[in-house]
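Data block below; observations after.
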Amino acid sequence: MDFLYFPEDKSEYIPGIISVVIIFILSILIVRLLMKASRKQVKKLNEQGYPVIYDRGEMRKDSSEQTQAERQATPNTREEPKDTNGPPTKKP
C-alpha cells in the first residue's frame, strides 16, 4: 500500500486540519449569505404582488389571510400545475 501516506510526525496534519476548518466556516457563511439574499428577493416579489408561500418560514400567506367563507368555497383538492412551457420536445 504505497499510495497511502501516514506521517510519523503528527504535526504534518495541522495545515490540513486548519484548511478544512477554514473551508467549513466559509461554506457556512456563504450559505447564510445566500439565504439572506433569497429572503430579500422573496420580500421584493411579495411587495410586487406575487404570492409567496413558505413551507417552513415566517411568510405563510395563503392560510393565514383566508377568511372562513373562502375556505368553505375552495375544495380541499389540489390543482394540477399548468404547463407554461408547452409540450415536451423529442430528444434527438
Side-chain angles (χ1 to χ4, degrees):
M1 289 194 187
D2 293 335
F3 62 92
L4 293 176
Y5 171 67
F6 296 104
E8 294 294 325
D9 184 18
K10 301 302 179 188
S11 66
E12 293 182 29
Y13 288 121
I14 294 173
I17 291 172
I18 291 173
S19 63
V20 166
V21 168
I22 290 172
I23 290 172
F24 183 74
I25 291 171
L26 286 176
S27 64
I28 289 174
L29 290 175
I30 289 172
V31 167
R32 287 189 178 199
L33 286 174
L34 288 173
M35 288 173 57
K36 192 173 188 179
S38 175
R39 286 186 187 124
K40 283 183 181 179
Q41 288 179 347
V42 167
K43 277 187 176 179
K44 193 178 285 187
L45 282 175
N46 197 14
E47 290 171 359
Q48 292 176 357
Y50 293 100
V52 178
I53 300 171
Y54 274 134
D55 286 337
R56 294 175 38 200
E58 66 276 350
M59 300 179 95
R60 185 91 180 160
K61 187 176 180 180
D62 67 339
S63 64
S64 63
E65 292 183 359
Q66 280 184 340
T67 62
Q68 186 67 19
E70 288 175 341
R71 289 183 191 147
Q72 290 176 354
T74 56
N76 289 337
T77 59
R78 290 184 162 217
E79 289 184 22
E80 289 292 323
K82 295 180 181 174
D83 188 17
T84 58
N85 296 332
T89 58
K90 292 183 181 180
K91 292 183 180 178

Set of side chain to side chain donor-acceptor pair (under 3.5 Å) partners for S27, sequence neighbours left out: none

Side chain S19, main chain P15, donor-acceptor under 3.5 Å: yes

Membership question, hydrophobic clusters at under 4.5 Å side-chain separation (ILVMFWY): are [Y] and [X] in the same one?
| X | Y | value |
| --- | --- | --- |
| I22 | I14 | yes |
| L29 | V21 | yes |
| L34 | V42 | no |

Distance in Å, I18 CD1 paired with Y13 OH, rounded so as to fall on 0.5 Å steps: 15.0 Å

CE on M35 to CZ on R39, rounded to 0.5 Å: 4.5 Å

Heavy atoms of other groups near K10 NZ, more than 12 under 6.0 Å: yes

